[in-house]
2 protein chains.
Amino acid sequence: MSPIGTRAHNLALALRHVAENPGAISRAGISDRTGLNRSTTSSLVDELIGGGLVREAGATTRSGVGRRGTALALRTDGPAGLGFDVAAEHAAACVVDLTGRVRFCRTAAGGRRAVGRLARSAVAAIGDAGLTLCGTEVAAGVADGLAGLRLPDAGRPVVLDSEANFAALAEDELLRAGESYLYVSGGHDIGAGLVVDGRLYRGRHGGGGDIGHVRVDPDGPACRCGRRGCLEQYAGPLALRSGPLDRAGTALGGVLAGYLNLLDLDRIVLGGIYRDLTPWLAPEIDRAIGAQFRGTRRARPEISAATYGAEAPALGAARAAVREVLADPLRWLTRFAG
Amino acid sequence: MSPIGTRAHNLALALRHVAENPGAISRAGISDRTGLNRSTTSSLVDELIGGGLVREAGATTRSGVGRRGTALALRTDGPAGLGFDVAAEHAAACVVDLTGRVRFCRTAAGGRRAVGRLARSAVAAIGDAGLTLCGTEVAAGVADGLAGLRLPDAGRPVVLDSEANFAALAEDELLRAGESYLYVSGGHDIGAGLVVDGRLYRGRHGGGGDIGHVRVDPDGPACRCGRRGCLEQYAGPLALRSGPLDRAGTALGGVLAGYLNLLDLDRIVLGGIYRDLTPWLAPEIDRAIGAQFRGTRRARPEISAATYGAEAPALGAARAAVREVLADPLRWLTRFAG
DNA sequence: TCAGTTTTGTTGCCGCGGCCAACATAAAAC
DNA sequence: GTTTTATGTTGGCCGCGGCAACAAAACTGA
């Protein structure tokens, strides 16, 4: 059995082109870019419109001779992705529509104790906006942080992953551009989310991505993990408050340089508490990378600040949920069929 | 247009099951495991048999009531994968059949000057064995090392990649098991080939995988690259001859530990000149990894010696070539159609 | 103004290929 | 022998993509 049938594949293909050219592509445009026949494209688009994922949006503007096409766009009153971020001291919930636009976003103190309240508000917001929940994903440090929580789930399993991974998935522009980047998130732990060619790398067992205890200097300061010279002692929140930023940047850059020699990435994205420190951290990180980088045939990666701040993990989780609909619209279209 | 049509996908699916259960699976068995209808499976297998990829091999042995199935196996007189390894001082050529078995393997001194002679011998061996060349892949340090070389090419583009990447692809058992591992190859350069879930990770621009100049100690010895304390100065061939092995193991382990915190791998494979030193290197590497490893929810990766020695890159390149046929048998079946 | 040209979207038909049901075959159980 | 169970093949159905023809909508040029 095919992992995804031809029809499902082509529906996703058509839908992706609509998502990437909202209001600016017609059936014929999809046909041109996909190589599918115009009649096939018409049939696919009709099905997407019938299922409430796509709408017609006037005529395409185009100079020159010939009939104008019918512009297509994603509907913003269809599926809603729901994302949570559950940490020790705070929690957040976020709702996005099919275009990835934020329709609800709220943060609360109290960690997992606040989740129930946030969930009720989010579900109310989904209803008020005329949306329909399509999936729930949750950023959480540890899986058992979820045990006992009852989350609205759209009849599908709730997806769990790390904060850094979901925060990496909030970077819509980079994902759409198919970039390869490492999202480095500063916080109580130092997390990393690796994206290759616009797709999240998940370790085999969902482990990995925890780089706070990579050793920077065997003779460095003692760490709470019982060892010495961990990255956290240079670039963790305590170290950032008490130490100079250039020391943190150098330590981070040294660790990242090792990754860049192995992995061939386009970009380092600084998130979490690093985001607002980017102007001070980036030069030192860049210098440290330059001291080890050996790219004879590739450009040195850019270093940039994350687009979103504290809300990034919840937002990324919500966007990941709607991206599942974009990746396999047929499942959404037949969700009542069984 | 689908990247690979339904028929092509199902042919590959059926063929993969034959490859993974040689001589021990029937049409009905494929049908059971794939979910495809028995009639569909019959049609697929007939096409694979007609194209010379699969043969019937007696009856399956099974206890209990019912008719015995017809056992299926890969043919060993069909497509041949041709792999080269072109280095500065030596070169190698390798031929494998569809099962991945080595049918020809020869090494020569002289680097790229020896390639023409090796190629002629390999092509002769392919003919003598009644095989048909299906693809050529080449392990080479730099792409321009290939400029001007005329290689037998089966009418398809010659694939180029690093020695470490191809050596990683020679590990058939690990690939089949879907393991995630980093193949570390010691040599003039220290290369690394990353395999995730049985699939080779290729950087965006084919860069990466060159870890010889990751910094181990900023105050370390000067390196030919102009910087100080590079891994090569601890674990390169010169350092291995003059220095103690435990120092090399510790340096390697330190670098690998950084990767393991990020990547969540099952295994480190030691290849190249490290392969035969594994008994001495592995304990130190393991110790150094243990000093930084933070796997609360995953096992510490195993460290093992590569299955093959100097012939690994050429063998891996040859196996990669036949794997293309296994991945898309329809292209092989229709190779004369255009 | 109106035919000619170009582009868009729809409709009817064909064919590939997967699924289903029925049947022939082979081996064991009774 | 008959019955039961598993394997492999055959014929027919149908979903869905491609093709060709046509209608519709815009511009171009006498």
Side-chain angles (χ1 to χ4, degrees), chain A residues 1-14 17-18 21 23-51 54-72 329-330 333-334 337, chain B residues 1-14 17-18 21 23-51 54-72 329-330 333-334 337:
Chain A
M1 188 178 308
S2 181
I4 180 169
T6 306
R7 185 68 173 181
H9 179 269
N10 288 341
L11 282 167
L13 197 60
H17 279 88
V18 175
N21 305 279
I25 197 170
S26 63
R27 292 165 173 82
I30 295 173
S31 176
D32 286 346
R33 303 188 202 193
T34 59
L36 291 167
N37 193 279
R38 275 212 312 283
S39 60
T40 306
T41 305
S42 265
S43 153
L44 294 169
V45 169
D46 286 352
E47 201 167 335
L48 293 172
I49 290 177
V54 168
R55 65 188 170 88
E56 298 189 332
T60 53
T61 58
R62 179 178 47 73
S63 66
V65 63
R67 170 177 168 178
R68 269 68 177 126
T70 313
L72 300 171
L330 186 55
L333 299 177
T334 59
Chain B
M1 187 179 310
S2 182
I4 179 169
T6 307
R7 184 68 174 180
H9 179 269
N10 288 341
L11 281 167
L13 197 60
H17 279 88
V18 175
N21 305 278
I25 196 170
S26 64
R27 292 164 174 82
I30 295 174
S31 177
D32 286 346
R33 303 189 203 194
T34 59
L36 292 167
N37 194 280
R38 274 212 314 282
S39 60
T40 305
T41 306
S42 264
S43 152
L44 294 168
V45 168
D46 286 352
E47 202 167 335
L48 293 172
I49 290 176
V54 168
R55 66 187 170 88
E56 297 189 333
T60 53
T61 58
R62 179 178 48 71
S63 68
V65 63
R67 170 177 169 178
R68 268 71 176 120
T70 314
L72 301 170
L330 186 55
L333 299 178
T334 59

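So that the names make sense, note that chain A is the first sequence line, chain B the second, and so on, each numbered from 1.
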Atom-to-atom span, [atom1] of [X] to [atom2] of [N] - whole angstrom:
X	N	atom1	atom2	value
B/L72	D/dG8	CG	P	8 Å
A/L36	C/dT8	CG	P	16 Å
B/L13	C/dG17	CG	C1'	15 Å
A/H9	D/dG17	NE2	P	11 Å
B/R7	C/dC19	CZ	C1'	13 Å
B/L48	C/dG17	CG	C1'	15 Å
A/R62	C/dT6	CZ	P	13 Å
A/L330	D/dG15	CG	C1'	12 Å

Notebook entry, point to check: At what distance, to the nearest 0.5 angstrom, does CG of A/N37 lie from CG of A/L44?
Noted result: 10.5 Å
Side-chain N or O of [X] closer than 4.0 Å to phosphate OP1/OP2 of [N]:
X	N	answer
A/S26	C/dG9	yes
A/N10	D/dG17	yes
B/T41	D/dG8	no
B/T40	C/dG17	no

Notebook entry, point to check: Could you run down nucleotides 25-30 of chain D 5' to 3' and tag each one B, S or - for protein heavy-atom contact under 4.0 Å?
Noted result: BBB---
Margin query: Using a 4.0 Å heavy-atom cut-off to protein, can you give one letter per nucleotide of nucleotides 9-14 of chain D, 5' to 3': B if the base is in contact, S if only the sugar-phosphate is, - if neither?
Written below: BB----
Next item on the list: Check the side chains of B/S43 and B/R7 for a donor-acceptor pair under 3.5 angstrom, ignoring hydrogens and angles.
Entry: yes
Item checked: Any donor-acceptor pair under 3.5 Å from B/R27 side chain to B/S39 backbone -> no
Next item on the list: Map A/A28 and B/L44 onto DNA chain C by nearest heavy atom, then report which one ends up closer to the 5' terminus.
Entry: A/A28
